[in-house]
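Proteins come first, then strands; the chains are lettered A, B, ... in the order of their sequence lines, and each starts at number 1.
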Number of protein chains: 2
Amino acid sequence: MDTSFTEENYLKAIYHLSADESKQVNTNQIATVLNTKAASVTDMLKKLSGKNLINYERYQGVELTGLGKTIALKIIRKHRLWEYFLVEKLAFGWDEVHDLAEQLEHIQSTELTDRLDEFLGFPKYDPHGDPIPDQSGTIKCAEMKSIAVLKAGNAGIISGIKEHSSSFLQYLEKMDLKIGKKIAVEEIIPFDETVVLRTENGEKINVSKAAAKYILIQDEQL
Amino acid sequence: MDTSFTEENYLKAIYHLSADESKQVNTNQIATVLNTKAASVTDMLKKLSGKNLINYERYQGVELTGLGKTIALKIIRKHRLWEYFLVEKLAFGWDEVHDLAEQLEHIQSTELTDRLDEFLGFPKYDPHGDPIPDQSGTIKCAEMKSIAVLKAGNAGIISGIKEHSSSFLQYLEKMDLKIGKKIAVEEIIPFDETVVLRTENGEKINVSKAAAKYILIQDEQL
DNA sequence: TGTTATTTTTAGACTAATCTAAATTAAATA
DNA sequence: TATTTAATTTAGATTAGTCTAAAAATAACA
Ligand SMILES: [Mn+2]
Ligand SMILES: [Mn+2]
Ligand SMILES: [Mn+2]
Ligand SMILES: [Mn+2]
(Lines give C-alpha, C1' and ligand atoms only; values in the text may rest on other atoms or scores of the structure.)
(Ligands and ions follow the chains in the order given, each with its own letter.)
Protein backbone atom coordinates (compact mmCIF):
# COMPACT_ATOMS: atom_id res chain seq x y z
CA MET A 1 0.00 0.00 0.00
CA ASP A 2 2.45 2.62 -1.16
CA THR A 3 1.36 5.95 -2.55
CA SER A 4 3.49 7.85 -5.03
CA PHE A 5 4.22 11.53 -4.90
CA THR A 6 1.72 12.04 -7.72
CA GLU A 7 -1.02 9.94 -6.17
CA GLU A 8 -0.66 11.91 -2.96
CA ASN A 9 -1.14 15.17 -4.82
CA TYR A 10 -4.32 13.88 -6.39
CA LEU A 11 -5.71 12.74 -3.02
CA LYS A 12 -4.90 16.08 -1.47
CA ALA A 13 -6.52 17.96 -4.34
CA ILE A 14 -9.68 15.86 -4.11
CA TYR A 15 -9.78 16.40 -0.35
CA HIS A 16 -9.54 20.16 -0.66
CA LEU A 17 -12.07 20.34 -3.48
CA SER A 18 -14.61 18.27 -1.59
CA ALA A 19 -14.07 20.26 1.61
CA ASP A 20 -14.82 23.48 -0.25
CA GLU A 21 -17.87 22.20 -2.05
CA SER A 22 -18.77 19.18 0.10
CA LYS A 23 -19.99 17.14 -2.85
CA GLN A 24 -18.72 14.99 -5.72
CA VAL A 25 -15.52 16.32 -7.25
CA ASN A 26 -15.31 16.61 -11.04
CA THR A 27 -12.54 15.65 -13.41
CA ASN A 28 -12.09 19.14 -14.76
CA GLN A 29 -11.83 20.70 -11.30
CA ILE A 30 -9.02 18.35 -10.45
CA ALA A 31 -7.31 19.04 -13.77
CA THR A 32 -7.47 22.77 -13.06
CA VAL A 33 -6.01 22.73 -9.56
CA LEU A 34 -3.30 20.22 -10.50
CA ASN A 35 -2.42 22.07 -13.68
CA THR A 36 -2.88 19.01 -15.82
CA LYS A 37 -5.28 17.72 -18.48
CA ALA A 38 -8.62 16.00 -17.97
CA ALA A 39 -7.40 12.89 -19.78
CA SER A 40 -4.53 12.51 -17.32
CA VAL A 41 -6.95 12.91 -14.43
CA THR A 42 -9.20 10.15 -15.74
CA ASP A 43 -6.22 7.79 -15.94
CA MET A 44 -5.25 8.54 -12.36
CA LEU A 45 -8.83 8.25 -11.08
CA LYS A 46 -8.97 4.71 -12.41
CA LYS A 47 -5.71 3.93 -10.67
CA LEU A 48 -6.78 5.42 -7.33
CA SER A 49 -10.11 3.66 -7.61
CA GLY A 50 -8.28 0.35 -8.12
CA LYS A 51 -6.41 1.01 -4.87
CA ASN A 52 -9.68 1.76 -3.05
CA LEU A 53 -8.63 5.30 -2.27
CA ILE A 54 -11.59 6.90 -4.06
CA ASN A 55 -15.09 5.95 -5.14
CA TYR A 56 -15.31 6.54 -8.85
CA GLU A 57 -17.89 5.84 -11.53
CA ARG A 58 -17.44 7.00 -15.09
CA TYR A 59 -18.86 10.48 -15.70
CA GLN A 60 -20.11 10.71 -12.10
CA GLY A 61 -17.22 12.44 -10.33
CA VAL A 62 -15.34 11.12 -7.30
CA GLU A 63 -15.15 11.18 -3.52
CA LEU A 64 -12.46 9.89 -1.17
CA THR A 65 -12.91 6.59 0.65
CA GLY A 66 -12.07 6.45 4.35
CA LEU A 67 -8.59 5.22 3.49
CA GLY A 68 -8.15 7.95 0.89
CA LYS A 69 -9.20 10.60 3.37
CA THR A 70 -6.79 9.25 5.97
CA ILE A 71 -3.89 9.53 3.55
CA ALA A 72 -4.94 13.01 2.42
CA LEU A 73 -5.06 14.19 6.03
CA LYS A 74 -1.58 12.81 6.68
CA ILE A 75 -0.23 14.84 3.78
CA ILE A 76 -2.05 17.94 4.98
CA ARG A 77 -0.73 17.38 8.51
CA LYS A 78 2.82 17.25 7.19
CA HIS A 79 2.27 20.27 4.92
CA ARG A 80 1.05 22.46 7.76
CA LEU A 81 3.61 21.28 10.30
CA TRP A 82 6.43 22.04 7.87
CA GLU A 83 4.92 25.46 7.14
CA TYR A 84 4.85 26.15 10.86
CA PHE A 85 8.47 25.01 11.17
CA LEU A 86 9.61 27.19 8.30
CA VAL A 87 7.93 30.30 9.70
CA GLU A 88 8.58 29.80 13.42
CA LYS A 89 12.04 28.23 13.34
CA LEU A 90 13.61 29.33 10.07
CA ALA A 91 12.06 32.80 9.93
CA PHE A 92 10.47 32.50 6.51
CA GLY A 93 7.59 34.81 5.64
CA TRP A 94 4.13 33.22 5.55
CA ASP A 95 3.93 34.00 1.86
CA GLU A 96 7.14 32.07 1.14
CA VAL A 97 6.49 28.67 2.68
CA HIS A 98 3.78 27.02 0.62
CA ASP A 99 5.91 25.82 -2.27
CA LEU A 100 8.52 24.41 0.10
CA ALA A 101 5.82 22.62 2.06
CA GLU A 102 4.55 21.15 -1.21
CA GLN A 103 7.88 19.35 -1.39
CA LEU A 104 8.30 18.53 2.30
CA GLU A 105 4.79 17.08 2.68
CA HIS A 106 5.88 14.02 0.68
CA ILE A 107 8.69 12.96 3.02
CA GLN A 108 7.67 9.50 4.19
CA SER A 109 7.98 8.86 7.92
CA THR A 110 5.30 9.13 10.57
CA GLU A 111 8.10 9.03 13.14
CA LEU A 112 9.57 12.21 11.65
CA THR A 113 6.18 13.88 11.44
CA ASP A 114 5.34 13.14 15.05
CA ARG A 115 8.73 14.24 16.35
CA LEU A 116 8.52 17.44 14.35
CA ASP A 117 5.07 18.02 15.86
CA GLU A 118 6.51 17.56 19.35
CA PHE A 119 9.55 19.76 18.60
CA LEU A 120 7.18 22.52 17.51
CA GLY A 121 5.07 22.17 20.67
CA PHE A 122 2.04 20.53 19.02
CA PRO A 123 0.77 23.63 17.23
CA LYS A 124 -2.96 23.70 16.46
CA TYR A 125 -2.84 26.06 13.50
CA ASP A 126 -0.44 26.67 10.64
CA PRO A 127 0.85 30.17 9.75
CA HIS A 128 -2.23 30.80 7.62
CA GLY A 129 -4.65 29.88 10.39
CA ASP A 130 -5.47 26.47 8.91
CA PRO A 131 -5.93 23.70 11.49
CA ILE A 132 -3.22 21.04 11.75
CA PRO A 133 -4.63 17.50 11.90
CA ASP A 134 -3.32 15.54 14.89
CA GLN A 135 -1.67 12.11 14.83
CA SER A 136 -5.02 10.41 14.41
CA GLY A 137 -6.07 12.70 11.59
CA THR A 138 -8.56 14.69 13.65
CA ILE A 139 -9.01 18.32 12.72
CA LYS A 140 -10.13 20.99 15.19
CA CYS A 141 -12.45 22.94 12.95
CA ALA A 142 -13.19 26.28 14.58
CA GLU A 143 -16.31 28.19 13.63
CA MET A 144 -15.23 31.04 11.37
CA LYS A 145 -16.96 33.60 9.23
CA SER A 146 -15.86 36.01 6.58
CA ILE A 147 -15.62 39.64 7.67
CA ALA A 148 -17.59 40.46 4.53
CA VAL A 149 -20.77 39.25 6.29
CA LEU A 150 -20.25 41.31 9.46
CA LYS A 151 -22.18 44.39 10.51
CA ALA A 152 -20.82 47.55 12.10
CA GLY A 153 -20.04 46.86 15.75
CA ASN A 154 -19.18 43.20 15.27
CA ALA A 155 -15.76 42.07 16.51
CA GLY A 156 -13.51 39.04 16.58
CA ILE A 157 -10.05 37.64 16.05
CA ILE A 158 -8.54 37.17 12.61
CA SER A 159 -8.14 33.40 12.46
CA GLY A 160 -7.96 32.28 8.87
CA ILE A 161 -8.03 33.11 5.19
CA LYS A 162 -9.88 31.69 2.22
CA GLU A 163 -7.32 32.64 -0.39
CA HIS A 164 -3.69 31.49 -0.24
CA SER A 165 -2.07 33.26 -3.18
CA SER A 166 1.15 34.98 -2.23
CA SER A 167 -0.15 38.28 -3.62
CA PHE A 168 -3.03 38.16 -1.12
CA LEU A 169 -0.69 37.15 1.71
CA GLN A 170 1.57 40.05 0.88
CA TYR A 171 -1.43 42.37 0.81
CA LEU A 172 -2.40 41.28 4.34
CA GLU A 173 1.20 41.72 5.43
CA LYS A 174 1.22 45.26 4.10
CA MET A 175 -2.12 46.03 5.77
CA ASP A 176 -0.76 44.59 9.03
CA LEU A 177 -3.63 42.13 9.19
CA LYS A 178 -2.05 39.20 11.00
CA ILE A 179 -3.55 35.94 12.26
CA GLY A 180 -4.47 36.39 15.94
CA LYS A 181 -5.14 40.11 15.68
CA LYS A 182 -8.27 41.37 17.44
CA ILE A 183 -10.41 43.64 15.26
CA ALA A 184 -13.80 45.29 15.29
CA VAL A 185 -15.88 46.52 12.37
CA GLU A 186 -16.32 50.25 12.77
CA GLU A 187 -18.47 50.82 9.71
CA ILE A 188 -19.20 49.59 6.25
CA ILE A 189 -19.10 52.36 3.69
CA PRO A 190 -22.20 51.94 1.51
CA PHE A 191 -20.72 53.19 -1.78
CA ASP A 192 -18.30 50.29 -2.40
CA GLU A 193 -18.82 48.23 0.76
CA THR A 194 -15.36 49.01 2.06
CA VAL A 195 -15.04 47.53 5.55
CA VAL A 196 -13.46 49.86 8.08
CA LEU A 197 -11.69 47.91 10.82
CA ARG A 198 -10.43 49.18 14.15
CA THR A 199 -7.63 47.29 15.90
CA GLU A 200 -6.98 47.02 19.63
CA ASN A 201 -4.37 49.77 19.57
CA GLY A 202 -6.74 52.13 17.79
CA GLU A 203 -5.33 51.69 14.31
CA LYS A 204 -7.86 52.02 11.46
CA ILE A 205 -7.63 49.69 8.45
CA ASN A 206 -9.77 49.96 5.32
CA VAL A 207 -10.42 46.68 3.58
CA SER A 208 -12.06 46.36 0.17
CA LYS A 209 -15.06 44.09 -0.28
CA ALA A 210 -12.93 41.81 -2.47
CA ALA A 211 -10.36 41.32 0.29
CA ALA A 212 -12.93 41.14 3.10
CA LYS A 213 -14.49 38.07 1.54
CA TYR A 214 -11.26 36.14 2.09
CA ILE A 215 -10.57 37.15 5.69
CA LEU A 216 -12.04 34.89 8.39
CA ILE A 217 -12.63 35.70 12.02
CA GLN A 218 -13.52 33.77 15.13
CA ASP A 219 -15.73 35.08 17.93
CA GLU A 220 -13.60 34.37 20.96
CA GLN A 221 -10.28 32.84 21.84
CA LEU A 222 -10.26 29.18 22.87
CA MET B 1 19.38 23.06 -15.91
CA ASP B 2 17.18 21.01 -13.65
CA THR B 3 18.31 17.77 -12.09
CA SER B 4 15.84 15.04 -11.22
CA PHE B 5 15.78 13.07 -8.03
CA THR B 6 17.34 10.13 -9.88
CA GLU B 7 20.06 12.16 -11.58
CA GLU B 8 21.02 13.61 -8.20
CA ASN B 9 21.41 10.15 -6.74
CA TYR B 10 23.72 9.14 -9.58
CA LEU B 11 25.86 12.25 -9.15
CA LYS B 12 26.13 11.65 -5.42
CA ALA B 13 27.06 8.00 -5.94
CA ILE B 14 29.75 8.92 -8.45
CA TYR B 15 31.10 11.56 -6.08
CA HIS B 16 31.38 9.14 -3.18
CA LEU B 17 32.89 6.40 -5.31
CA SER B 18 35.55 8.70 -6.73
CA ALA B 19 36.33 10.14 -3.30
CA ASP B 20 36.97 6.66 -1.95
CA GLU B 21 39.08 5.51 -4.85
CA SER B 22 40.12 8.83 -6.39
CA LYS B 23 40.00 7.51 -9.93
CA GLN B 24 37.60 6.71 -12.77
CA VAL B 25 34.34 5.22 -11.54
CA ASN B 26 33.01 2.10 -13.26
CA THR B 27 29.53 1.24 -14.43
CA ASN B 28 29.25 -1.84 -12.23
CA GLN B 29 30.33 0.02 -9.09
CA ILE B 30 27.57 2.55 -9.63
CA ALA B 31 25.05 -0.21 -10.31
CA THR B 32 26.02 -1.88 -7.04
CA VAL B 33 25.73 1.14 -4.78
CA LEU B 34 22.50 2.32 -6.40
CA ASN B 35 20.97 -1.15 -6.36
CA THR B 36 20.27 -1.10 -10.05
CA LYS B 37 21.49 -2.84 -13.22
CA ALA B 38 24.50 -1.95 -15.35
CA ALA B 39 22.29 -1.36 -18.38
CA SER B 40 20.32 1.28 -16.49
CA VAL B 41 23.54 2.95 -15.40
CA THR B 42 24.81 3.18 -18.98
CA ASP B 43 21.58 4.89 -20.03
CA MET B 44 21.89 7.42 -17.24
CA LEU B 45 25.60 8.05 -17.90
CA LYS B 46 24.75 9.07 -21.44
CA LYS B 47 22.10 11.43 -20.14
CA LEU B 48 24.39 13.01 -17.53
CA SER B 49 27.15 13.31 -20.10
CA GLY B 50 24.73 15.13 -22.43
CA LYS B 51 24.10 17.62 -19.61
CA ASN B 52 27.85 18.08 -19.06
CA LEU B 53 27.68 16.78 -15.52
CA ILE B 54 30.15 13.96 -16.11
CA ASN B 55 32.95 13.10 -18.51
CA TYR B 56 32.10 9.79 -20.08
CA GLU B 57 33.60 7.67 -22.83
CA ARG B 58 32.26 4.22 -23.66
CA TYR B 59 33.96 1.47 -21.65
CA GLN B 60 36.29 3.98 -19.93
CA GLY B 61 34.37 4.82 -16.77
CA VAL B 62 33.35 8.29 -15.63
CA GLU B 63 34.34 11.27 -13.54
CA LEU B 64 32.34 14.32 -12.49
CA THR B 65 32.79 17.65 -14.27
CA GLY B 66 33.13 20.79 -12.18
CA LEU B 67 29.41 21.39 -12.54
CA GLY B 68 28.62 17.80 -11.61
CA LYS B 69 30.78 18.02 -8.52
CA THR B 70 29.11 21.26 -7.47
CA ILE B 71 25.69 19.65 -7.65
CA ALA B 72 26.89 16.53 -5.81
CA LEU B 73 28.29 18.68 -3.01
CA LYS B 74 25.02 20.56 -2.68
CA ILE B 75 23.16 17.28 -2.19
CA ILE B 76 25.73 16.11 0.35
CA ARG B 77 25.50 19.45 2.16
CA LYS B 78 21.75 19.05 2.44
CA HIS B 79 22.03 15.40 3.47
CA ARG B 80 24.40 16.15 6.33
CA LEU B 81 22.60 19.27 7.52
CA TRP B 82 19.32 17.34 7.71
CA GLU B 83 21.05 14.51 9.58
CA TYR B 84 22.37 17.03 12.06
CA PHE B 85 18.90 18.54 12.43
CA LEU B 86 17.28 15.15 13.01
CA VAL B 87 19.78 14.17 15.69
CA GLU B 88 20.23 17.52 17.47
CA LYS B 89 16.73 18.94 17.23
CA LEU B 90 14.42 15.95 16.85
CA ALA B 91 16.37 13.55 19.07
CA PHE B 92 16.77 10.76 16.53
CA GLY B 93 19.57 8.25 17.01
CA TRP B 94 22.53 8.57 14.66
CA ASP B 95 21.71 5.15 13.25
CA GLU B 96 18.16 6.24 12.32
CA VAL B 97 18.73 9.34 10.25
CA HIS B 98 20.38 8.25 7.03
CA ASP B 99 17.28 7.02 5.19
CA LEU B 100 15.35 10.13 6.14
CA ALA B 101 18.20 12.32 4.93
CA GLU B 102 18.15 10.40 1.64
CA GLN B 103 14.69 11.84 1.14
CA LEU B 104 15.29 15.31 2.56
CA GLU B 105 18.47 15.91 0.53
CA HIS B 106 16.36 16.30 -2.60
CA ILE B 107 14.28 19.22 -1.35
CA GLN B 108 15.04 22.01 -3.79
CA SER B 109 15.79 25.41 -2.23
CA THR B 110 19.16 26.91 -1.44
CA GLU B 111 17.31 29.45 0.69
CA LEU B 112 15.97 26.63 2.87
CA THR B 113 19.36 24.94 3.06
CA ASP B 114 21.13 28.10 4.11
CA ARG B 115 18.52 29.02 6.71
CA LEU B 116 18.63 25.53 8.12
CA ASP B 117 22.42 25.83 8.32
CA GLU B 118 22.05 29.08 10.23
CA PHE B 119 19.34 27.68 12.51
CA LEU B 120 21.66 24.82 13.41
CA GLY B 121 24.55 27.19 14.15
CA PHE B 122 26.63 26.37 11.06
CA PRO B 123 27.75 22.90 12.17
CA LYS B 124 31.03 21.66 10.69
CA TYR B 125 30.38 17.95 11.02
CA ASP B 126 27.34 15.71 10.75
CA PRO B 127 26.41 13.15 13.44
CA HIS B 128 28.76 10.59 11.88
CA GLY B 129 31.73 12.95 11.86
CA ASP B 130 31.50 13.65 8.13
CA PRO B 131 32.30 17.24 7.15
CA ILE B 132 29.41 19.46 6.01
CA PRO B 133 30.22 21.44 2.84
CA ASP B 134 29.61 25.17 3.28
CA GLN B 135 27.50 27.41 1.04
CA SER B 136 30.26 27.55 -1.56
CA GLY B 137 30.73 23.78 -1.55
CA THR B 138 34.00 23.83 0.35
CA ILE B 139 34.72 20.88 2.61
CA LYS B 140 36.94 21.09 5.69
CA CYS B 141 38.74 17.81 5.35
CA ALA B 142 40.47 17.00 8.63
CA GLU B 143 43.42 14.63 8.72
CA MET B 144 42.13 11.32 10.10
CA LYS B 145 43.51 7.85 10.50
CA SER B 146 42.04 4.49 11.35
CA ILE B 147 42.73 3.26 14.88
CA ALA B 148 43.76 -0.03 13.27
CA VAL B 149 47.08 1.56 12.29
CA LEU B 150 47.88 2.95 15.75
CA LYS B 151 50.49 1.65 18.16
CA ALA B 152 50.19 1.25 21.92
CA GLY B 153 50.46 4.68 23.55
CA ASN B 154 48.95 6.60 20.64
CA ALA B 155 45.94 8.80 21.42
CA GLY B 156 43.37 11.01 19.73
CA ILE B 157 39.73 11.98 19.38
CA ILE B 158 37.21 9.77 17.65
CA SER B 159 36.19 11.94 14.70
CA GLY B 160 34.74 9.79 11.99
CA ILE B 161 33.81 6.38 10.65
CA LYS B 162 34.43 4.56 7.41
CA GLU B 163 31.35 2.35 7.55
CA HIS B 164 27.82 3.74 7.82
CA SER B 165 25.67 0.62 8.16
CA SER B 166 23.21 0.88 11.01
CA SER B 167 24.51 -2.36 12.50
CA PHE B 168 27.95 -0.78 12.85
CA LEU B 169 26.48 2.43 14.25
CA GLN B 170 24.54 0.44 16.80
CA TYR B 171 27.70 -1.47 17.71
CA LEU B 172 29.52 1.80 18.41
CA GLU B 173 26.54 3.00 20.41
CA LYS B 174 26.66 -0.14 22.53
CA MET B 175 30.42 0.21 23.03
CA ASP B 176 29.93 3.85 24.01
CA LEU B 177 32.29 4.94 21.27
CA LYS B 178 30.91 8.37 20.36
CA ILE B 179 32.21 11.02 18.00
CA GLY B 180 34.26 13.52 20.01
CA LYS B 181 35.40 11.03 22.64
CA LYS B 182 39.08 11.16 23.61
CA ILE B 183 40.75 7.75 23.62
CA ALA B 184 44.22 6.25 23.95
CA VAL B 185 45.46 2.88 22.75
CA GLU B 186 46.58 0.92 25.80
CA GLU B 187 47.74 -2.18 24.00
CA ILE B 188 47.19 -4.31 20.96
CA ILE B 189 46.73 -7.95 21.86
CA PRO B 190 48.92 -9.93 19.44
CA PHE B 191 46.70 -13.02 19.15
CA ASP B 192 43.80 -11.43 17.25
CA GLU B 193 44.94 -7.80 17.09
CA THR B 194 42.19 -6.67 19.47
CA VAL B 195 42.72 -2.97 20.21
CA VAL B 196 42.39 -2.09 23.89
CA LEU B 197 41.24 1.52 24.30
CA ARG B 198 41.29 3.61 27.46
CA THR B 199 38.92 6.56 27.72
CA GLU B 200 39.41 9.78 29.66
CA ASN B 201 37.36 8.54 32.59
CA GLY B 202 39.39 5.35 32.85
CA GLU B 203 36.94 3.09 31.05
CA LYS B 204 38.47 0.23 29.07
CA ILE B 205 36.99 -0.74 25.70
CA ASN B 206 38.07 -3.73 23.62
CA VAL B 207 37.65 -3.28 19.88
CA SER B 208 38.09 -6.05 17.34
CA LYS B 209 40.44 -5.58 14.40
CA ALA B 210 37.41 -5.62 12.07
CA ALA B 211 35.76 -2.73 13.91
CA ALA B 212 39.01 -0.82 14.49
CA LYS B 213 39.52 -0.48 10.74
CA TYR B 214 36.36 1.61 10.47
CA ILE B 215 36.97 3.99 13.38
CA LEU B 216 38.83 7.21 12.56
CA ILE B 217 40.63 9.51 14.96
CA GLN B 218 42.13 12.96 14.79
CA ASP B 219 45.27 14.05 16.63
CA GLU B 220 44.11 17.22 18.33
CA GLN B 221 41.01 19.37 18.61
CA LEU B 222 40.72 22.34 16.25
C1' DT C 1 49.43 -14.11 -28.61
C1' DG C 2 45.18 -16.43 -28.68
C1' DT C 3 41.42 -17.79 -25.87
C1' DT C 4 38.44 -17.25 -22.05
C1' DA C 5 36.19 -14.38 -18.64
C1' DT C 6 34.49 -10.04 -17.28
C1' DT C 7 32.63 -5.64 -18.08
C1' DT C 8 30.00 -2.66 -20.66
C1' DT C 9 26.87 -1.42 -24.11
C1' DT C 10 22.93 -2.09 -27.25
C1' DA C 11 18.34 -3.73 -28.49
C1' DG C 12 13.88 -4.13 -27.28
C1' DA C 13 10.32 -4.12 -23.84
C1' DC C 14 7.83 -2.41 -19.60
C1' DT C 15 5.59 0.98 -16.15
C1' DA C 16 4.07 5.51 -14.42
C1' DA C 17 2.61 9.71 -15.69
C1' DT C 18 1.70 12.69 -19.06
C1' DC C 19 -0.16 14.63 -23.62
C1' DT C 20 -3.28 15.51 -28.10
C1' DA C 21 -7.04 14.35 -30.77
C1' DA C 22 -11.12 11.84 -31.37
C1' DA C 23 -15.17 9.55 -29.52
C1' DT C 24 -18.66 9.19 -26.09
C1' DT C 25 -21.80 10.62 -22.50
C1' DA C 26 -24.30 13.99 -19.97
C1' DA C 27 -26.22 18.64 -19.45
C1' DA C 28 -28.26 22.70 -21.26
C1' DT C 29 -31.45 24.86 -24.16
C1' DA C 30 -34.38 25.93 -28.03
C1' DT D 1 -38.07 16.50 -27.25
C1' DA D 2 -34.38 17.38 -30.49
C1' DT D 3 -30.22 19.68 -30.93
C1' DT D 4 -26.27 21.98 -29.40
C1' DT D 5 -22.70 22.47 -25.96
C1' DA D 6 -19.80 21.00 -22.38
C1' DA D 7 -17.60 17.41 -19.73
C1' DT D 8 -15.47 13.12 -19.70
C1' DT D 9 -13.39 9.14 -21.45
C1' DT D 10 -10.75 6.40 -24.85
C1' DA D 11 -7.07 5.69 -28.21
C1' DG D 12 -2.62 6.16 -29.27
C1' DA D 13 1.85 8.45 -28.52
C1' DT D 14 5.75 10.31 -25.54
C1' DT D 15 9.26 10.63 -21.81
C1' DA D 16 11.99 9.07 -17.75
C1' DG D 17 13.62 5.35 -15.66
C1' DT D 18 14.02 0.68 -15.40
C1' DC D 19 14.67 -4.27 -16.86
C1' DT D 20 16.39 -8.82 -19.49
C1' DA D 21 18.91 -10.91 -22.94
C1' DA D 22 22.22 -10.62 -26.42
C1' DA D 23 26.22 -8.38 -28.61
C1' DA D 24 30.54 -6.00 -28.33
C1' DA D 25 34.65 -4.41 -26.11
C1' DT D 26 38.12 -4.88 -22.74
C1' DA D 27 40.83 -7.42 -19.35
C1' DA D 28 42.89 -11.60 -17.64
C1' DC D 29 45.76 -15.40 -18.34
C1' DA D 30 47.45 -19.74 -20.31
MN1 LIG E 1 0.34 25.72 2.03
MN1 LIG F 1 -0.95 26.84 5.13
MN1 LIG G 1 23.83 9.59 5.68
MN1 LIG H 1 26.16 11.15 7.80
Side-chain angles (χ1 to χ4, degrees), chain A residues 1-15 17-18 20-21 23-64 68 71-72 75 102-103 105-106 108, chain B residues 1-14 17-18 20-21 23-64 68 71-72 75 102-103 105-108:
Chain A
M1 295 303 166
D2 215 33
T3 47
S4 73
F5 189 101
T6 310
E7 290 169 341
E8 290 182 349
N9 282 338
Y10 273 88
L11 294 174
K12 189 168 53 110
I14 295 167
Y15 179 90
L17 285 168
S18 55
D20 286 356
E21 323 246 333
K23 54 182 172 190
Q24 298 285 109
V25 177
N26 305 315
T27 303
N28 270 346
Q29 294 179 316
I30 300 170
T32 302
V33 303
L34 289 182
N35 235 329
T36 182
K37 296 294 145 69
S40 312
V41 174
T42 300
D43 285 345
M44 182 55 81
L45 294 184
K46 287 192 235 171
K47 200 177 156 201
L48 293 173
S49 181
K51 290 187 170 191
N52 286 310
L53 300 174
I54 59 173
N55 295 318
Y56 168 63
E57 263 175 296
R58 289 160 72 246
Y59 294 101
Q60 298 316 125
V62 291
E63 57 179 13
L64 294 175
I71 295 175
I75 311 298
E102 287 289 306
Q103 295 184 63
E105 70 189 5
H106 300 290
Q108 304 248 8
Chain B
M1 293 304 166
D2 215 32
T3 47
S4 71
F5 189 101
T6 309
E7 289 169 341
E8 289 182 349
N9 281 338
Y10 273 89
L11 292 175
K12 190 168 53 110
I14 295 167
L17 285 168
S18 56
D20 286 355
E21 323 246 333
K23 54 183 171 190
Q24 298 287 109
V25 177
N26 306 315
T27 303
N28 270 345
Q29 295 179 315
I30 300 170
T32 303
V33 303
L34 289 182
N35 235 328
T36 184
K37 295 295 145 69
S40 311
V41 174
T42 300
D43 285 345
M44 183 55 81
L45 294 183
K46 286 191 236 174
K47 200 178 157 203
L48 293 173
S49 181
K51 290 187 169 191
N52 286 309
L53 299 173
I54 60 173
N55 295 318
Y56 168 63
E57 263 175 297
R58 289 160 73 246
Y59 296 100
Q60 300 315 125
V62 292
E63 58 179 13
L64 294 174
I71 295 174
I75 311 297
E102 287 290 307
Q103 295 183 62
E105 71 189 4
H106 299 289
I107 302 292
Q108 304 248 5

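The interatomic distance linking B:Leu45 (CG) with D:dT18 (C1') rounds to 14 Å, in whole Å. Spacing between atom CD of A:Glu57 and atom P of D:dT9 amounts to 11 Å, rounded to whole angstrom units. The CG atom of A:Asn28 sits 16 Å away from the P atom of C:dA26 (whole-angstrom rounding). C:dT15 atom C1' lies 19 Å from atom CZ of A:Phe5, rounded to whole Å. Between the CG atom of A:Asp43 and the P atom of C:dC19 there is a distance of 10 Å, rounded to whole Å. Atom pair A:Tyr56:OH and D:dT9:C1' shows a separation of 7 Å (rounding to whole Å applied). When the C1' atom of C:dA16 is taken as reference, atom NZ of A:Lys51 falls 10 Å away, rounded to whole Å.
With sequence neighbours excluded, the residues satisfying salt bridge (charged side-chain N to carboxylate O under 4.0 Å, His left out) with B:Lys51 are B:Glu7. Looking at residues two or more places apart in sequence or on another chain, you find no ring pair (Phe, Tyr, Trp, His ring centres under 6.0 Å) involving A:Tyr59. In this view, B:Glu105 and B:Asn9, B:Lys12, B:Ile75, B:Lys78, B:His79, B:Glu102 satisfy the side chain to side chain contact (heavy atoms under 4.5 Å, CB included) rule, not counting sequence neighbours.
Only A:Ala38, A:Ala39, listed by number, bring a heavy atom of residues 32-39 of chain A to less than 4.0 angstrom from any atom of DNA chain D.
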Under 3.5 Å donor-acceptor pairs involving side-chain atoms of residues 33-44 of chain B, not counting sequence neighbours:
| residue | atom | partner | partner atom | Å |
| --- | --- | --- | --- | --- |
| B:Thr42 | OG1 | B:Ala38 | O | 3.2 |

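Nucleic acid contact for B:Thr42: base, since at least one base atom lies under 4.0 Å from a heavy atom of the residue. Residue-level contact check: A:Asn26 touches the backbone only, with heavy atoms under 4.0 Å from sugar-phosphate atoms and none from bases.
Between B:Lys46 and the phosphate of C:dT10, there is a side-chain N or O to OP1/OP2 separation shorter than 4.0 Å. Using a 4.0 Å cut-off, some side-chain N or O of A:Ser40 falls inside it from OP1 or OP2 of C:dC19. Look at B:Thr27 and you'll find a side-chain N or O under 4.0 angstrom from OP1 or OP2 of C:dT9.
Between A:Val25 and A:Leu45, the closest side-chain pair of non-hydrogen atoms is not below 4.5 Å. Side-chain contact between A:Ile54 and A:Leu11: present, with at least one pair of heavy atoms (C-beta onward) separated by less than 4.5 Å.
At distances below 3.5 Å, not a single donor-acceptor pair connects side-chain atoms of A:Glu63 with backbone N or O atoms of A:Ser18.
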Please tabulate the protein-to-nucleotide N/O contacts below 3.5 Å involving nucleotides 24-27 of chain D, giving atom names and distances.
| residue | atom | partner | partner atom | Å |
| --- | --- | --- | --- | --- |
| D:dA25 | O4' | B:Tyr59 | OH | 3.3 |

Subject >> B:Val62 and B:Ile30: CA distance, side-chain angles, deciding distance, side-chain contact (heavy atoms from CB on, under 4.5 Å) verdict >> reply: CA-CA 10 Å; B:Val62 292; B:Ile30 300 170; 4.1 Å; yes

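Nearest heavy-atom pair, B:Glu8 versus B:Thr3, reported as atom, atom and distance to 0.1 Å: OE2-OG1, 3.2 Å.
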